[in-house]
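These notes are about the structure you will find just below.
Since this is a predicted model, take the numbers as computed values, not measurements.
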Amino acid sequence: SYFSSIQSEEFMSGIADRCYFVDKDVREMPPNQKRNLLYWWFSTDVYFVSGKGNRAELPDCLVCAIRVAHPNEKGKSYQQYEAKKGKRS
């Protein structure tokens with residue numbers, strides 16, 4: 001299942017090798033970097049959102065599962081999704 005995968009350091013190491021912003025071993029990443037890695041992977045490899053300026057909000061159930069697997073420290077809030085602001089043509 002995806003939930004067991006998102007908890008697996010082996011799975012995350014495999015996708016970290018392809019991620020442009022990862023600069024350390026998965027075992028050394030704080031929870032927010034692990035979440036960002038998983039958000040990136042699901043966005044690009046599952047939902048096929050890629051390319052400069054292309055953004056999409058991930059399903060709430062997925063974001064919740066990732067947060068459960070890699071929670072913030074107690075009392076620290078999560079950054080919310082923000083749609084990119086700017087001109088539309």
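Under the 4.5 Å side-chain heavy-atom criterion for grouping Ile, Leu, Val, Met, Phe, Trp and Tyr, Met12 is connected to Phe21 within one hydrophobic cluster. Cluster annotation: Tyr20 is connected to Phe42 through the hydrophobic network of ILVMFWY side chains, with a link wherever side-chain heavy atoms come within less than 4.5 Å.
When every heavy atom of Leu37 is checked against every heavy atom of Cys19, the shortest pair comes out as CD1-CB, 3.7 Å. The heavy-atom pair separating His70 from Pro31 by the smallest distance is O-CB, 3.7 Å. Taking all atoms of both residues into account, the shortest heavy-atom contact from Ala69 to Gln7 is CB-CG, 3.6 Å. For the pair Val49 and Ala56, the tightest heavy-atom approach, listed with the atom from each and the gap, is CG2-CB, 3.7 Å.
Legend: residues meeting side-chain hydrogen bond (donor to acceptor under 3.5 Å, both in side chains) with Asn32, ordered by chain and number and at least two apart, are absent. A search for side-chain hydrogen bond (donor to acceptor under 3.5 Å, both in side chains) contacts involving Asp25 returns Arg27, not counting sequence neighbours.
Rounded to the nearest 0.5 angstrom, Tyr47 OH and Glu57 CD are separated by 12.0 Å. Here the CD1-CG distance, from Ile6 to Leu62, works out to 7.0 Å after rounding to the nearest 0.5 Å. Distance check, rounded to the nearest 0.5 Å: CG of Asn36 to CD of Gln33 gives 7.5 Å. To the nearest 0.5 angstrom, Asp45 atom CG is 4.5 Å from Arg18 atom CZ. Distance check: Ile66 CD1 to Trp41 CH2 gives 9.5 Å after rounding to the nearest 0.5 Å. To the nearest 0.5 Å, atom SG of residue Cys64 and atom CG of residue Leu58 are 13.0 Å apart.
A heavy-atom distance below 4.5 Å is not found between the side chains of Trp40 and Ser50.
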Run the numbers on Glu9 and Lys34 for side-chain contact (heavy atoms from CB on, under 4.5 Å), then give the verdict. CA-CA 10 Å; Glu9 285 186 356; Lys34 290 178 180 180; 4.1 Å; yes
